[in-house]
Amino acid sequence: MSLHTNTGRCDYCIKIIDRYPNFNLELRDWFKKLQSAHPEAHTSCAGRGRMDQEAAFIRRSSRAHYGKSSHNFNAAIDLFKWAATIEEMYSKDWFEKVVAPALTSNLDWYGSPNASFYELPHVELKNWKAMVQTGLLKIVE
């Protein structure tokens, strides 16, 4: 049985987003709006502290060590479609038809054709590195 629910407001997704304090509110609100319009949209990961990031790196689900990922600054979210199979959960067609049109100008999606590297579920704040430099984003411990 899944902890996720397709109600348009999945409490388990919110728990994932709020796991670490101070997740970026703009990104959080964007996700909530997406999920409200598309109840099948869910998150598998949001912020990551040191242990979570290094574990993701070892599993090869991340290419970055701690301190180098937007997840470490509560500025990224990984999405999936609630579905019966992995192929459906990460259907490029669903991401292109649902996620891509919902993106705002301040978000980067790593499934887009011009992504710096391809990672279909990953959405992050476009200017997260500049926000870190100016102190607007803090590292998750």
Side-chain angles (χ1 to χ4, degrees), residues 2-141:
S2 171
L3 298 174
H4 291 279
T5 57
N6 286 348
T7 60
R9 187 193 183 284
C10 175
D11 289 336
Y12 192 66
C13 287
I14 298 302
K15 182 178 177 180
I16 291 169
I17 291 169
D18 291 342
R19 180 173 180 195
Y20 294 97
N22 303 315
F23 191 80
N24 181 270
L25 290 177
E26 189 175 358
L27 186 54
R28 186 181 198 274
D29 289 345
W30 173 83
F31 173 76
K32 287 172 65 177
K33 184 177 177 182
L34 174 72
Q35 190 174 64
S36 179
H38 301 278
E40 76 281 6
H42 293 276
T43 184
S44 59
C45 180
R48 287 191 201 128
R50 181 183 302 274
M51 288 176 43
D52 289 335
Q53 184 62 41
E54 290 306 314
F57 182 81
I58 289 167
R59 282 192 314 272
R60 293 191 170 133
S61 58
S62 177
R63 299 177 190 185
H65 281 288
Y66 178 70
K68 303 294 182 187
S69 170
S70 52
H71 287 283
N72 306 146
F73 296 91
N74 277 330
I77 193 166
D78 291 344
L79 306 172
F80 69 95
K81 173 187 176 187
W82 183 250
T85 67
I86 293 289
E87 291 78 19
E88 289 177 276
M89 291 172 82
Y90 296 101
S91 161
K92 186 174 182 178
D93 184 60
W94 180 80
F95 277 88
E96 289 174 345
K97 288 181 179 174
V98 172
V99 175
L103 295 169
T104 58
S105 62
N106 62 327
L107 297 176
D108 272 335
W109 170 48
Y110 279 19
S112 70
N114 60 347
S116 55
F117 59 85
Y118 186 76
E119 190 179 337
L120 188 63
H122 184 87
V123 175
E124 70 180 24
L125 291 176
K126 193 174 278 188
N127 60 348
W128 73 271
K129 289 180 182 177
M131 294 173 77
V132 169
Q133 292 296 319
T134 60
L136 291 173
L137 293 176
K138 304 289 184 203
I139 197 159
V140 171
E141 295 298 328

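Just so we're clear, the structure is a prediction, and the values are computed from it rather than from any experiment. In what follows, residues are counted from 1 in the order of the sequence shown. As a basis for the values below, the full set of heavy atoms in this structure was taken, side chains included, without hydrogen atoms, waters or symmetry mates.
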For this session: Show the numbers, then the answer: is there a side chain to side chain contact (heavy atoms under 4.5 Å, CB included) between I77 and L27?
Result: CA-CA 8 Å; I77 193 166; L27 186 54; 4.1 Å; yes
For this session: Please test W30 against L103 for side chain to side chain contact (heavy atoms under 4.5 Å, CB included), starting from the C-alpha separation and ending with a verdict.
Result: CA-CA 8 Å; W30 173 83; L103 295 169; 3.9 Å; yes
Can you tell me how far apart [atom1] ([X]) and [atom2] ([Y]) are? Round to the nearest 0.5 Å.
{"X": "W94", "Y": "M89", "atom1": "CH2", "atom2": "CE", "result": "10.0 Å"}
{"X": "S36", "Y": "F31", "atom1": "OG", "atom2": "CZ", "result": "10.5 Å"}
{"X": "Q35", "Y": "C10", "atom1": "CD", "atom2": "SG", "result": "5.5 Å"}

Residue pair [X] / [Y]: nearest heavy atoms and the distance that separates them:
{"X": "C45", "Y": "T43", "result": "O-OG1, 3.0 Å"}
{"X": "F23", "Y": "A46", "result": "CE1-CB, 3.5 Å"}
{"X": "G8", "Y": "P39", "result": "N-CB, 3.5 Å"}
{"X": "L34", "Y": "A102", "result": "CD1-CB, 3.8 Å"}
{"X": "A75", "Y": "W128", "result": "CB-CB, 3.8 Å"}

Seminar exercise, completed: Residues pairing under salt bridge (charged side-chain N to carboxylate O under 4.0 Å, His left out) where one sits in residues 25-38, two or more places apart or in two chains, turn out to be D18-R28
Exercise. Which pairs with one or both residues in residues 79-100 pass salt bridge (charged side-chain N to carboxylate O under 4.0 Å, His left out), sequence neighbours excluded?
Worked result: K92-E96, D93-K97
Problem set entry | Within 6.0 angstrom of K126 NZ, more than 12 heavy atoms from elsewhere | yes
Problem set entry | Short side-chain to backbone donor-acceptor contact, H71 and K68, under 3.5 Å | no
Problem set entry | Inter- and intrachain pairs under side-chain hydrogen bond (donor to acceptor under 3.5 Å, both in side chains), touching residues 51-63, at least two apart | R19-D52, Y20-D52, R48-Q53, Q53-S62, Q53-N72, E54-H65, R59-S61
Exercise. Between F117 and Y110, is the gap from one ring center to the other below 6.0 Å?
Worked result: yes
Exercise. For N22, what residues pass the side-chain hydrogen bond (donor to acceptor under 3.5 Å, both in side chains) criterion, not counting sequence neighbours?
Worked result: none
Exercise. Taking only residues two or more places apart in sequence or in another chain, which ones pass ring-ring contact (aromatic ring centres under 6.0 Å, His included) with Y12?
Worked result: H4
Exercise. Do E119 and P121 come within less than 4.5 Å of each other through their side chains, counting heavy atoms only?
Worked result: yes
For this session: Specify whether Y90 and F95 have parallel, tilted or perpendicular ring planes, treating 30° as the upper limit for parallel and 60° as the lower limit for perpendicular.
Result: parallel
Exercise. So V123 and D108, side chain to side chain contact (heavy atoms under 4.5 Å, CB included) or not? Walk me through it.
Worked result: CA-CA 6 Å; V123 175; D108 272 335; over 6 Å; no
Tabulate below the donor-acceptor pairs under 3.5 Å that side-chain atoms of residues 134-141 make, not counting sequence neighbours, or state none.
residue	atom	partner	partner atom	Å
T134	OG1	A130	O	3.2
T134	OG1	M131	O	3.2
K138	NZ	G135	O	3.2

Exercise. Can you check side chain to side chain contact (heavy atoms under 4.5 Å, CB included) on W82 and T5, steps first, answer last?
Worked result: CA-CA 9 Å; W82 183 250; T5 57; over 6 Å; no
Exercise. Between H122 and E124, does any side-chain donor sit less than 3.5 Å from a side-chain acceptor?
Worked result: yes
